[in-house]
Number of protein chains: 2
Amino acid sequence: MNSQAKRLNKILEHLRKNTASSVKRLSEELNVSHMTIRRDLELLEKQNIVETFHGGVMLRFAGLAGKNNDYSLLQAATSMAEEKIGIGEAAAKLLKSEDIIVIDSGSTTEYLARALPRALPLTVICYALNILMDVTKRENCDIIFAGGQYHTNTLMFESPEGIQLIKRTRASKAFVSASGISDRLGVTCSNRYEGSTKQAVMETSMQKVLLADSTKFDRVRSTCFADLKDFDILITDEGIPPEYREYCGKEGIELIVV
Amino acid sequence: MNSQAKRLNKILEHLRKNTASSVKRLSEELNVSHMTIRRDLELLEKQNIVETFHGGVMLRFAGLAGKNNDYSLLQAATSMAEEKIGIGEAAAKLLKSEDIIVIDSGSTTEYLARALPRALPLTVICYALNILMDVTKRENCDIIFAGGQYHTNTLMFESPEGIQLIKRTRASKAFVSASGISDRLGVTCSNRYEGSTKQAVMETSMQKVLLADSTKFDRVRSTCFADLKDFDILITDEGIPPEYREYCGKEGIELIVV
DNA sequence: CAATATATGTTATAATTATAACATCGCTAT
DNA sequence: ATAGCGATGTTATAATTATAACATATATTG
């Protein structure tokens with residue numbers, strides 16, 4: 001790891017502790033010139049990790065900057081950011097007043113959490129820290145959080161009791177993310193605990209919406225939690241392969257491309 | 001409520017959503033001059049509610065500024081702040097490596113969450129947003145969160161499943177807060193849901209530590225969840241009435257006064 | 001090892017924010 | 001009503017931060 005990467009990690013560490021900081025403080029803390037800090041922050045800002053303003057910086061993705069994530073992981077989490085913003089906004093447009101929605105864990109779903117229309121009264125069910133942090137900032141919003149053991153790499157909480165809580169709850173719409181989508185091998189994620197929770201969500205929601213950027217197609221991960229055709233709506237970006245467009249048409253899945 | 005109080009609430013509301021902001025943004029948002037904002041922020045800073053720096057402001061007690069708390073409530077939450085800091089630090093001194101601890105909801109316990117020694121590997125069980133936010137910033141720390149319905153005024157999550165999760169978990173030490181303490185009428189809190197959760201915690205922890213500033217003595221709230229003598233340790237400040245000192249001696253409760 | 005590229009530091013200047021003193025507005029009490 | 005007072009707005013000046021261009025140091029590559 002080069003010195004810049006080290007510094008970027010130190011900056012993020014500092015921000016995780018303090019949420020916000022100033023260029024001055026950072027340059028003093030890290031013993032580098034203010035220009036170096038500025039250039040570092042510029043990088044971090046381009047990747048949507050921090051937000052700068054005259055006099056300071058603040059963490060944007062408080063959640064995603066989980067304590068064990070180093071800079072490279074953060075990069076991954078912020079890749080395809082533009083596409084994900086579009087997907088989140090498109091998902092938010094589906095919402096109606098009094099909807100009871102599940103927001104799954106993941107970085108794509110976080111953009112939905114941010115795009116939730118402030119005016120609509122909603123009930124939100126979730127189980128990931130980044131989602132929770134966005135939702136608790138909202139008003140007009142009942143929150144149900146399924147707790148459990150905290151997983152720092154996915155920012156997700158999981159437990160039998162959490163799954164139980166989801167199972168006795170009913171949602172009008174579930175917004176689910178995935179790490180891999182294959183017509184033949186189904187919709188997959190990377191961890192067993194994610195799979196169990198997602199399955200519970202699929203069981204208890206009226207409408208199931210899959211949120212995934214186009215890099216997820218024709219990719220598999222270890223844990224399959226649903227068939228693609230189990231979903232009612234698929235929201236993705238222009239990069240979706242033609243054969244998946246066809247598949248959606250054939251299976252009656254509403255396709256929303258942003 | 002006069003116009004200044006209204007504005008202070010609006011500022012806090014804005015900060016709750018954005019964590020940090022700038023004088024410029026606030027003055028534009030609220031249509032007042034930057035001087036007015038500055039004077040408002042000066043007030044809020046004096047009360048330890050926000051922290052200002054060149055170019056901006058940020059919330060200090062992110063958790064405590066729950067969205068439904070108005071300005072007057074915030075004041076209450078930050079009262080006895082010095083005593084509470086001491087109590088939190090004293091509680092942190094009790095911790096040993098590999099301890100499994102419960103941190104109850106409340107403002108006093110938040111100071112413990114902040115004072116957790118960074119070096120010690122710990123498992124933390126909690127169910128309140130302000131505690132969670134502090135604990136997730138830490139490393140060397142397994143987190144178990146008991147979820148449920150979110151209560152904005154106490155920042156606490158509660159559900160049968162959450163209680164179930166607590167009940168099947170064992171802790172070496174529980175750090176519990178209270179709204180009222182009476183030798184005759186027991187230890188009380190304000191809400192039924194708080195009581196059920198606290199009771200579950202009392203049942204499943206080896207050592208029970210009560211954290212309360214001295215304003216809580218000889219005060220009762222609606223929901224009783226324990227007798228004072230059920231606790232092994234009581235941490236409070238110098239203001240503790242003499243009769244409670246005696247009571248602790250008689251009942252074998254270790255008293256720590258900060 | 002030289003040559004090049006990249007990262008960091010320095011400086012001067014521009015832009016923004018902070019402070020302080022004073023002016024004005026609007027409420028309250030008589 | 002109006003005098004008085006507190007709250008808010010205005011302005012000029014000081015302090016701080018941002019930007020850009022250039023200089024220097026450090027790392028990389030053939």
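Each chain gets a letter, A, B and so on, in the order the sequences are listed, and its residues count up from 1.
- Inspection of the A/His34 and A/Ser27 side chains reveals no N or O donor paired with an N or O acceptor under 3.5 Å.
- Under the side-chain contact (heavy atoms from CB on, under 4.5 Å) rule, A/Ile103 has a single partner from A/Asp134, A/Val176, A/Ile131, which is A/Ile131.
- Ring-centre distance between B/Tyr193 and B/His151: below the 6.0 Å cut-off.
- The minimum heavy-atom distance linking A/Gly195 with A/Cys189 is given by the pair N-SG, 3.6 Å.
- Evaluation of atom-type donor-acceptor distances gives a pair under 3.5 Å for the side chain of A/Arg39 against the base of C/dG9.
- The side-chain heavy atoms of B/Ser21 and B/Leu26, taken from C-beta on, include a pair separated by under 4.5 Å.
- Atoms NZ (A/Lys6) and C1' (C/dA7) sit 15 Å apart, rounded to a whole Å.
- Side-chain contact between A/Leu94 and A/Ile235 is present, with heavy atoms from C-beta onward closer than 4.5 Å.
- Residue B/Arg38 has no polar side-chain atom (N or O) positioned under 4.0 Å from OP1 or OP2 of C/dT17.
- Across all non-hydrogen atoms, the minimal contact from B/Leu44 to B/Ile11 is CD1-CG2, 4.1 Å.
- The separation between B/Leu8 atom CG and D/dT8 atom C1' is 14 Å, rounded to whole Å.
- Side-chain atoms of A/Thr197 and A/Glu158 include no donor-acceptor pair closer than 3.5 Å.
- The nearest pair of heavy atoms linking B/Ala91 to B/Leu211 is CB-CD2, 4.1 Å.
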Which atom pairs link the protein and nucleotides 23-27 of chain D when you take only N or O atoms and keep those under 3.5 Å?
none

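- For B/His54, the listed nucleotide lying nearest its side chain is D/dT16; candidates were C/dT8, D/dT16, C/dT16.
- A rotation axis mapping the C1' atoms of four pairs onto the next four is fitted at both ends of the helix from C/dC1-D/dG30 to C/dT30-D/dA1 over five pairs, and the angle between these axes is 40° to 10 degrees.
- Distance, A/Asp40 CG to C/dA7 P: 10 Å, rounded to whole Å.
- For the segment residues 28-35 of chain B, the set of residues with a heavy atom within less than 4.0 Å of an atom of DNA chain C comprises B/His34, B/Met35, in numerical order.
- Rounded to whole Å, atom P of C/dA18 lies 11 Å from atom NZ of B/Lys24.
- A salt bridge does not link B/Glu42 with B/Arg38: none of the charged nitrogens is closer than 4.0 Å to a carboxylate oxygen.
- As rounded to whole Å, 16 Å separates atom C1' of C/dT16 from atom CZ of B/Arg25.
- B/Leu41 has its CG atom 13 Å from the P atom of C/dT17, to the nearest Å.
- Heavy-atom nearest nucleotides on DNA chain D were determined for B/Thr36 and for B/Gly55, and the one closer to the 5' end corresponds to B/Thr36.
- In this structure, B/Phe53 places its CZ atom 18 Å from P of C/dT16, rounding to the nearest Å.
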- Query: Going through the checks in order, is the side chain to side chain donor-acceptor pair (under 3.5 Å) test met by B/Thr109 and B/Asp104?
  - Reply: CA-CA 6 Å; B/Thr109 47; B/Asp104 192 19; over 6 Å; no

